[in-house]
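One structure is given here, and the rest of the page talks about it.
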Amino acid sequence: MATLGQQLKQSREEKSISLQEIAESTHISIRFLQAIENDAYDVLPGGVFNRAFVRKFARQVGFDEEQAVNLYQEQWQEQGGEPERGYQLGVEEFESRPTSGNGLLISFVALIILGSMAYAAYQYFTPSVSDSGGSAAIGVNTPASPGATASPSSSPGSPSPGVSPTPDASASPTPSPTPDVAAVAMRVQLSAPTEEVWLKVKADDKEAEQMLLQPGKSREFDVNQEIILSIGRVQSLRIAINGRNMDFVKLLPNPKAIRASNVVIKKDNYQQYLN
């Protein structure tokens, strides 16, 4: 029986579709498409990425997507299961960690607290302005009594004869700058300068996020405690924290590896990995 890769290749050739056309439609590199046709799935990033690539390939050539995924899984079961994804750094797979249903509520409460702190800081650092008579209203004209004649000496802005005008010490004060109360421990920038990179990112207690970073694109994450990364193409990823690039030789036990799982960067130790 023909393998999945052979059947996908046959469907593609019958429809006269080139690998370049599929790559442009799916944003999957030709190298990975060739690996699927050759049943060389160990070249792919692994896990859910492999099944997603197989499904997209099948859709482009008119092959049944569910049948393609089932054939892919059967082939790996015959070979003893999918290969391990990358290497471990001594922590459990974060995708298997149970996520808390209270995550959204905690984030909302934290946002309210930060907003309250910012408002309190604004009130504290902004001086109040009042007139010399202690009235809280400024710039409100009191209507004169009917028939009354305004005295020249009482006209606003007219000083009394022989008396030098006294500058108003309370006029137009310069407010003190409001401190940044929402500062974070790490601002992590993930970028793909030349090639697309497959990532899974878990920042603090937030839910893990999967993404396909296109060439020339980047993503930023504000982190208070730690960030955990799974990387599909290590050599094509650039990591910067607070504006400084990280050194993969220091960060990874095997910086020449194609994939990496559970790369943990904490606020207490990230500086030792910087260039």
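Keep in mind that what you see is a predicted model, and the values were worked out from it rather than measured.
Salt bridge status for Glu65 with Lys56: absent, with no side-chain N to carboxylate O gap under 4.0 Å. A salt bridge is defined here as a Lys NZ or Arg NE, NH1 or NH2 lying under 4.0 Å from an Asp or Glu carboxylate O, and Lys202 with Glu226 fails to meet this definition.
Side chains of Asn70 and Tyr72: no donor on one and acceptor on the other come within 3.5 Å. Using modelled atom types, one finds no donor on one side chain facing an acceptor on the other under 3.5 Å when comparing Gln73 with Gln77.
Taking both residues in full, the closest heavy atoms of Ala23 and Ile30 are given as CB-CG1, 3.9 Å, listed atom of the first, atom of the second, then distance. Summarising the geometry of Arg259 relative to Leu44, their closest heavy-atom pair is NH1-O, 2.8 Å, with the distance given to 0.1 Å. The two residues Asp222 and Lys206 have their closest heavy-atom pair at O-NZ, 4.2 Å. The minimum heavy-atom distance between Glu196 and Leu212, with the atom names listed, is OE1-CD2, 4.2 Å. The two residues Arg244 and Asn275 make their nearest non-hydrogen contact at NH2-O, 3.0 Å. Looking at every heavy atom in both residues, Asn245 comes nearest to Ala240 through OD1-CB, 3.6 Å.
Taking CD from Glu66 and CG from Leu71, the interatomic distance works out to 11.5 Å, rounded to the nearest 0.5 Å. To the nearest 0.5 Å, the span separating CG on Asn242 from CD on Gln271 amounts to 8.5 Å. Atom CD of Glu37 sits about 11.5 Å away from atom CD of Gln10, to the nearest 0.5 Å. Residue Ile231 holds its CD1 atom at 13.0 Å from CH2 of Trp198, rounded to the nearest 0.5 Å. A distance of 8.5 Å separates CZ of Arg219 from CG of Leu190, quoted to the nearest 0.5 Å. The distance from the CE atom of Met211 to the NZ atom of Lys217 is 14.5 Å, given to the nearest 0.5 Å.
The closest donor-acceptor contact from the side chain of Asp39 to the backbone of Gly5 lies under 3.5 Å. Looking at Asn38, its side chain never comes within 3.5 Å of a backbone N or O of Ala40 through a donor-acceptor pair. Between the side chain of Arg238 and the backbone N or O of Ser191, no donor-acceptor pair lies under 3.5 Å.
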- Message: Set out, in order, the CA-CA distance, both residues' side-chain angles and the distance that settles side chain to side chain contact (heavy atoms under 4.5 Å, CB included) for Ile36 and Phe57, then state yes or no.
- Response: CA-CA 9 Å; Ile36 293 175; Phe57 196 133; 4.0 Å; yes
- Should Leu19 and Gln34 be marked as a side chain to side chain contact (heavy atoms under 4.5 Å, CB included) after you check the CA-CA gap, both sets of side-chain angles, and the distance that decides it? CA-CA 8 Å; Leu19 289 177; Gln34 291 173 337; 3.5 Å; yes
- Stepwise side chain to side chain contact (heavy atoms under 4.5 Å, CB included) test for Leu237 and Leu199: CA-CA 9 Å; Leu237 180 67; Leu199 293 170; 3.8 Å; yes
- Task: Decide side chain to side chain contact (heavy atoms under 4.5 Å, CB included) for Gln60 and Thr26; before the verdict, give the C-alpha distance in whole Å, the side-chain angles of both, and the deciding distance to 0.1 Å.
- Result: CA-CA 8 Å; Gln60 293 296 315; Thr26 62; 3.6 Å; yes
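Residue-environment remark: NZ (Lys266) stays at or below the threshold of 12 foreign heavy atoms within 6.0 Å.
Residues Met246 and Ile241 are in side-chain contact: their nearest non-hydrogen atoms beyond the backbone lie under 4.5 Å apart. With a 4.5 Å cut-off on side-chain heavy atoms, Phe221 and Met186 do not count as touching. The shortest side-chain heavy-atom distance between Val263 and Ser230 does not fall under the 4.5 Å cut-off. Residues Ser236 and Val197 have side chains in contact (heavy-atom distance under 4.5 Å, counting atoms from C-beta outward). At a threshold of 4.5 Å between non-hydrogen side-chain atoms, the residues Leu274 and Asp247 do not count as touching. Residues Ile239 and Gln189 have side chains not in contact (no heavy-atom distance under 4.5 Å, counting atoms from C-beta outward).
In this structure Gln6 satisfies the side-chain contact (heavy atoms from CB on, under 4.5 Å) test together with Ala2, Thr3, sequence neighbours excluded. Shown here are the side-chain hydrogen bond (donor to acceptor under 3.5 Å, both in side chains) partners of Gln225, two or more places apart in sequence or in another chain: there are none.
Follow the hydrophobic side-chain contacts under 4.5 Å out from Tyr41 and you never reach Val69; the two are in separate clusters. Val43 and Leu8 fall within a single hydrophobic cluster, where Ile, Leu, Val, Met, Phe, Trp and Tyr are joined by side-chain heavy atoms under 4.5 Å apart, directly or via other members.
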